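Below is one structure, written out as structure tokens, with a few remarks after it.
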Amino acid sequence: AQGTRVTAAELRLTLAPYRPLSRRLVTIGDSIADNISSYGPNASSWAARGSFLTGGELQWFGTYSTGGYTSTQVVSTHLPSVLAQSPRPGFVAIMMGTNDADDITTFAANYTTIFNALLSVGIIPIVGGLAPIDSSLAARTKHHRFNIWLARECMRRGIPFLNWMP
């Protein structure tokens with residue numbers, strides 16, 4: 001997806017109530033989070049866009065993501081690396097779940113694990129909604145269900161949820 005639904009003003013407003021440890025931002029997730037190689041005002045990376053949309057208030061410091069990973073693999077492989085960073089980031093942008101099977105229980109458990117781990121050490125998660133990798137009804141239905149769960153859980157916890165994809 002090339003566009004973004006999130007404007008600079010919306011992103012600043014979304015992040016305004018949070019007092020992060022720092023303005024350092026890292027990403028965690030699957031191939032969508034891993035798409036960080038292009039950086040600039042027209043970058044296709046959603047994390048790079050977040051940095052640009054905030055005028056550099058969010059400073060990207062790396063990605064812990066691997067294409068093809070499920071949320072279970074992200075939790076077991078990348079979450080420990082993010083938590084071991086020193087100094088710790090203030091924000092972790094999360095984009096994962098596209099490669100998960102149609103199993104919302106595992107998906108929800110993995111997001112819950114990440115939320116609990118990050119919040120327990122003062123790191124603020126920023127969750128990007130899932131985008132289907134194909135246009136089939138099954139893929140759109142799965143992603144819609146997963147995004148509804150994410151949006152509700154983020155609202156319940158006071159975590160920023162942004163629909164980065166058009």
Side-chain angles (χ1 to χ4, degrees), residues 1-7 10-11 14-15 18 25-39 43-51 53 58 60-85 89 91-121 123-166:
Q2 289 299 315
T4 181
R5 290 184 183 172
V6 180
T7 67
E10 290 168 332
L11 184 57
T14 299
L15 298 180
Y18 298 93
L25 166 72
V26 299
T27 59
I28 187 171
D30 55 28
S31 62
I32 295 170
D34 196 35
N35 180 18
I36 200 72
S37 60
S38 62
Y39 194 79
S44 60
S45 158
W46 59 282
R49 284 187 189 152
S51 182
L53 286 172
L58 292 179
W60 177 69
F61 274 87
T63 185
Y64 296 85
S65 50
T66 303
Y69 267 26
T70 64
S71 62
T72 300
Q73 291 169 303
V74 171
V75 167
S76 65
T77 304
H78 296 309
L79 181 59
S81 298
V82 169
L83 295 172
Q85 266 200 343
F91 295 97
V92 173
I94 307 164
M95 184 68 129
M96 66 177 195
T98 299
N99 301 311
D100 288 9
D102 195 16
D103 177 8
I104 195 148
T105 303
T106 300
F107 172 86
N110 289 328
Y111 263 95
T112 298
T113 297
I114 289 177
F115 291 162
N116 291 341
L118 295 177
L119 293 168
S120 73
V121 295
I123 299 172
I124 300 164
I126 302 173
V127 179
L130 275 70
I133 56 175
D134 66 54
S135 60
S136 71
L137 179 59
R140 289 192 324 261
T141 300
K142 168 190 155 184
H143 286 84
H144 182 69
R145 274 194 7 261
F146 283 22
N147 278 335
I148 288 172
W149 182 88
L150 274 175
R152 287 179 178 161
E153 185 64 11
C154 288
M155 182 182 294
R156 185 181 76 75
R157 290 174 174 258
I159 294 172
F161 177 80
L162 300 168
N163 186 2
W164 296 93
M165 302 298 179

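Position 1 is the first residue of the sequence, and the numbers go up from there. Being a predicted model, the structure only gives us computed values, none of them experimental. The basis for the numbers below is simple: all heavy atoms, side chains too, and nothing from hydrogens, waters or symmetry mates.
- The line from CG of D100 to OG1 of T105 is 11.5 Å long, rounded to the nearest 0.5 Å.
- Taking N110 as the reference, S71, T72 meet the side chain to side chain donor-acceptor pair (under 3.5 Å) condition, with sequence neighbours excluded.
- L118 has its side chain within reach of I94: a pair of non-hydrogen atoms, C-beta onward, lies under 4.5 Å apart.
- Evaluation of the salt bridge (Lys or Arg N to Asp or Glu O under 4.0 Å) rule for D102 yields R145 as partners, not counting sequence neighbours.
- Residues G97 and D30 share a closest heavy-atom pair of N-OD2, 3.3 Å.
- Inter-residue side-chain proximity for T27 and M95 is flagged as unmet; no heavy-atom pair is nearer than 4.5 Å.
- Between L130 atom CG and N99 atom CG the span is 9.5 Å, to the nearest 0.5 Å.
- Expressed to the nearest 0.5 Å, how far CD1 of I114 lies from CG of L83 amounts to 9.5 Å.
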Problem - Derivation of the side-chain contact (heavy atoms from CB on, under 4.5 Å) call for H143 and T98 - result: CA-CA 8 Å; H143 286 84; T98 299; 3.8 Å; yes

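- Between L119 and P125, the shortest heavy-atom contact is CD2-CD, 3.6 Å.
- Checked against side chain to side chain contact (heavy atoms under 4.5 Å, CB included), Q73 has the following partners two or more places apart in sequence or in another chain: Y69, T70.
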Exercise for the section: Given side-chain contact (heavy atoms from CB on, under 4.5 Å), test L150 with F107 step by step and report yes or no. Expected result: CA-CA 10 Å; L150 274 175; F107 172 86; 3.8 Å; yes

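- Nearest heavy-atom pair, F161 versus G128, reported as atom, atom and distance to 0.1 Å: CE1-C, 4.5 Å.
- By the side chain to side chain contact (heavy atoms under 4.5 Å, CB included) test, T112 is found to be paired with N116, W149, R157, residues two or more places apart in sequence or in another chain being considered.
- A search for ring-ring contact (aromatic ring centres under 6.0 Å, His included) contacts involving F115 returns Y111, not counting sequence neighbours.
- A donor-acceptor pair under 3.5 Å is absent between the side-chain atoms of K142 and the main chain of I104, judged by distance alone.
- With sequence neighbours left out, R152 forms a side chain to side chain donor-acceptor pair (under 3.5 Å) with no residue at all.
- The minimum heavy-atom distance linking P160 with C154 is given by the pair O-SG, 4.4 Å.
- Considering only residues two or more places apart in sequence or on other chains, T113 meets the side chain to side chain contact (heavy atoms under 4.5 Å, CB included) condition with V75, L79.
- In this structure T141 satisfies the side chain to side chain contact (heavy atoms under 4.5 Å, CB included) test together with L137, sequence neighbours excluded.
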